[in-house]
Amino acid sequence: QVQLVESGGGLVQAGGSLRLSCAASGLTFKNNAMGWFRQAPGKEREFVASVNWNGDITDYSDSVKGRGTISRTIGGNSVYLQMNNLELEDTAMYYCVLRNWNSGSRWSRDYEYWGQGTQVTVSS
């Protein structure tokens, strides 16, 4: 059974930084793409970032490009999201995702596995 466990969320002031982590277990397919989505209260879930199976191809939403960095352990099943210069609009529940394919996607339907989420709250 595949499990994704996120950590690293919390309360941070605008302009600050956070590093989100996600560890996957129970995988049978080795070369999985991973990523992050987020959902703010009253809003639809949105793509944040993705990374392919070996970490050399990344993709970011326009809202975090230049402020976020996604990375992963090579050959491992952990993914990280470093977020800098946080804005009030970054407040959301952040979900780690994983798909049974080697390349990332911006579409939530392409990810078979989702974590429970970690809350990020940015204050002014």
Side-chain angles (χ1 to χ4, degrees):
Q1 182 177 351
V2 175
Q3 282 192 314
L4 302 177
V5 179
E6 304 100 330
S7 61
L11 176 65
V12 62
Q13 284 194 323
S17 299
L18 275 179
R19 186 178 191 240
L20 306 182
S21 300
C22 173
S25 61
L27 296 172
T28 56
F29 179 68
K30 294 291 186 182
N31 298 334
N32 305 88
M34 300 182 76
W36 295 90
F37 282 73
R38 69 185 183 185
Q39 188 167 21
K43 294 189 177 181
E44 291 190 356
R45 189 163 48 191
E46 64 172 350
F47 168 78
V48 176
S50 69
V51 59
N52 72 330
W53 70 281
N54 67 354
D56 67 351
I57 299 175
T58 58
D59 187 23
Y60 299 93
S61 65
D62 289 343
S63 60
V64 303
K65 191 174 293 184
R67 301 186 297 118
T69 302
I70 189 170
S71 60
R72 67 179 301 165
T73 53
I74 302 300
N77 295 309
S78 295
V79 66
Y80 309 94
L81 181 67
Q82 176 71 40
M83 291 281 292
N84 300 322
N85 194 21
L86 284 160
E87 303 171 350
L88 297 179
E89 292 74 21
D90 294 318
T91 295
M93 184 72 78
Y94 283 70
Y95 296 93
C96 175
V97 294
L98 182 146
R99 67 183 304 210
N100 286 329
W101 194 245
N102 55 15
S103 60
S105 169
R106 292 188 167 208
W107 301 100
S108 59
R109 64 175 180 261
D110 288 337
Y111 294 90
E112 291 87 354
Y113 303 104
W114 292 71
Q116 293 296 308
T118 185
Q119 178 68 38
V120 172
T121 303
V122 183
S123 64
S124 59

Donor-acceptor pair, [X] side chain versus [Y] backbone, under 3.5 Å?
X	Y	result
Arg106	Ser50	no
Glu6	Cys96	yes
Ser103	Asn52	no
Tyr113	Asn100	no

Check your understanding: Considering residues at least two apart in sequence or located in another chain, which fulfil the salt bridge (charged side-chain N to carboxylate O under 4.0 Å, His left out) criterion with Glu46?
Key -> Arg38

**Study point:** Set of salt bridge (charged side-chain N to carboxylate O under 4.0 Å, His left out) partners for Lys43, sequence neighbours left out
**Key:** none

Exercise for review: Check the side chains of Ser17 and Asn84 for a donor-acceptor pair under 3.5 angstrom, ignoring hydrogens and angles.
Suggested key: yes

Indicate the atoms forming the closest heavy-atom contact of [X] with [Y], along with that distance.
X	Y	answer
Met93	Gly117	SD-C, 3.6 Å
Arg72	Ala33	NH1-CA, 3.9 Å
Arg99	Gly104	NH1-O, 3.6 Å

Value rounded to 0.5 Å, distance of [atom1] in [X] from [atom2] in [Y]:
X	Y	atom1	atom2	value
Ile70	Gln82	CD1	CD	12.0 Å
Trp36	Tyr80	CH2	OH	10.0 Å
Asn85	Arg67	CG	CZ	6.5 Å
Gln13	Leu86	CD	CG	11.5 Å
Gln3	Leu27	CD	CG	10.5 Å
Glu89	Ser63	CD	OG	10.0 Å

Quick check on the hydrophobic clustering: are [X] and [Y] connected, directly or via other members, by side-chain heavy-atom contacts under 4.5 Å?
X	Y	answer
Leu20	Leu4	yes
Val64	Tyr111	no
Trp107	Trp101	no
Val51	Tyr95	no

Check your understanding: Out of Val2, Val97, Leu98, which residue meets the side-chain contact (heavy atoms from CB on, under 4.5 Å) rule with Asn32?
Key -> Leu98

Exercise for review: Mind running side chain to side chain contact (heavy atoms under 4.5 Å, CB included) on Thr91 and Gln119 for me, showing each step along the way?
Suggested key: CA-CA 8 Å; Thr91 295; Gln119 178 68 38; 4.1 Å; yes

**Study point:** Val122 vs Val120, side chain to side chain contact (heavy atoms under 4.5 Å, CB included): CA-CA, chis, key distance, verdict
**Key:** CA-CA 7 Å; Val122 183; Val120 172; 4.2 Å; yes

Review point. Is there side-chain contact between Val5 and Gln116, with at least one heavy-atom pair below 4.5 Å?
Key: no

Practice item. May I ask you to decide if the ring planes of Phe47 and Phe37 are parallel, tilted or perpendicular, using 30° and 60° as cut-offs? Key: perpendicular

